[in-house]
Amino acid sequence: MSIKDNLLSIKQSLPAHVTLVAVSKTKPVSDLMEAYEAGQRIFGENKIQEMTDKYEQMPKDIEWHMIGHVQTNKVKYMAPFVSLVHGVDSLKLLKEINKQAKKHDRVISCLLQMHIAEEDTKFGLYEAELKELIDSDEFKEMRNIVVTGLMGMATFTDSEYQIEKEFAYLKGIFDRLKEHPEADNFKPQTLSMGMSGDYKIAIDCGSTMIRVGSSIFGSRH
Ligand SMILES: *Cc1c(COP(=O)(O)O)cnc(C)c1O
């Protein structure tokens, strides 16, 4: 199947409240353009340099999502154009995004990445740390970021039971987070969970945004 066919068949299977991020990391601009021509406007990358190169070469009505782990010293390169940063897992990183966004007179949307997997290699915050961050005075003073929700990655496993347990756990954290009063920089509405192998489970567990790469563009090497 072509990129276009893959994309359209996934899209037509999604409930209306679920947003598809086409994860195009490692793929050439020609592949992204094929998805673009089939109507895709949201692309996810996990390296800032690669995302910036593709941003420069591609049409300007694309929303670029940074889905990977972000190094503080590289935030400045994406600050002019990134539309959503999925993997924010520290106050330090949030402060840097806020600082760089301010230089461009922008407000950058961010998702806080939660630790939900059993593997301890994955990044992310625990619920107590999330609460501490949201309640901190430093957070409350930030004007150039807005936290629009949470992101998480399940354990890499064949066990659907395990994956479902982790996504359900993240949905629980998200529901509790939504009980916090909203603020200009805090508007939780997005729950980013689910990739090629597990997005159907994620949607059943309440995901509103899925990040799909290989099922659209084919496997990566
Ligand atoms: C690569 C990646 C994806 C997409 O993975 P696929 O299995 O190819 O769909 C989703 N989320 C993150 C954070 C990724 O790094």
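Remember, it's 1-based here, ligands and their atoms both numbered in the order they're listed.
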Checklist outcome for this item: Within the 4.0 Å heavy-atom cut-off, what His86 brings close to ligand 1 is neither
Checklist entry - Looking at atom 2 (C) of ligand 1, what's its closest protein heavy atom, distance included? => result Lys25 NZ, 2.5 Å
Checklist entry - Do ligand 1 and Val212 have nitrogen or oxygen atoms that lie under 3.5 Å from each other? => result no
Checklist entry - Can a salt bridge be assigned to the pair Asp204 and Lys200 using a cut-off of 4.0 Å between side-chain N and carboxylate O? => result no
Checklist entry - Would you say Asn46 has any N or O atom under 3.5 Å from an N or O of ligand 1, going by distance alone? => result no
Item to check | Shortest non-hydrogen contact between Cys110 and Ile145, atoms and distance | outcome: SG-CG2, 4.2 Å
Item to check | Atoms of ligand 1, numbered as shown, that sit under 4.0 Å from any heavy atom of Met153 | outcome: 13 (C)
Checklist outcome for this item: Closest heavy-atom approach to atom 11 (N) of ligand 1 among Arg211, Met151, Met193 is made by Arg211
Checklist entry - Which atoms of ligand 1 have any heavy atom of Ile67 under 4.0 Å away? => result 2 (C), 11 (N), 12 (C), 13 (C), 14 (C), 15 (O)
Checklist entry - Quick one: do the His17 and Thr208 side chains pair a donor with an acceptor below 3.5 Å? => result no
Checklist entry - Does a donor on one side chain sit under 3.5 Å from an acceptor on the other, for Asp31 and Tyr36? => result no
Checklist entry - Under 4.0 Å from any heavy atom of Ser196, which atoms of ligand 1 are there? => result 6 (P), 7 (O), 8 (O), 9 (O)
Item to check | Glu138: side-chain hydrogen bond (donor to acceptor under 3.5 Å, both in side chains) partners, not counting sequence neighbours | outcome: Lys95
Item to check | Cation-pi, Tyr55 ring and Lys60 (6.0 angstrom, 45 degrees) | outcome: yes
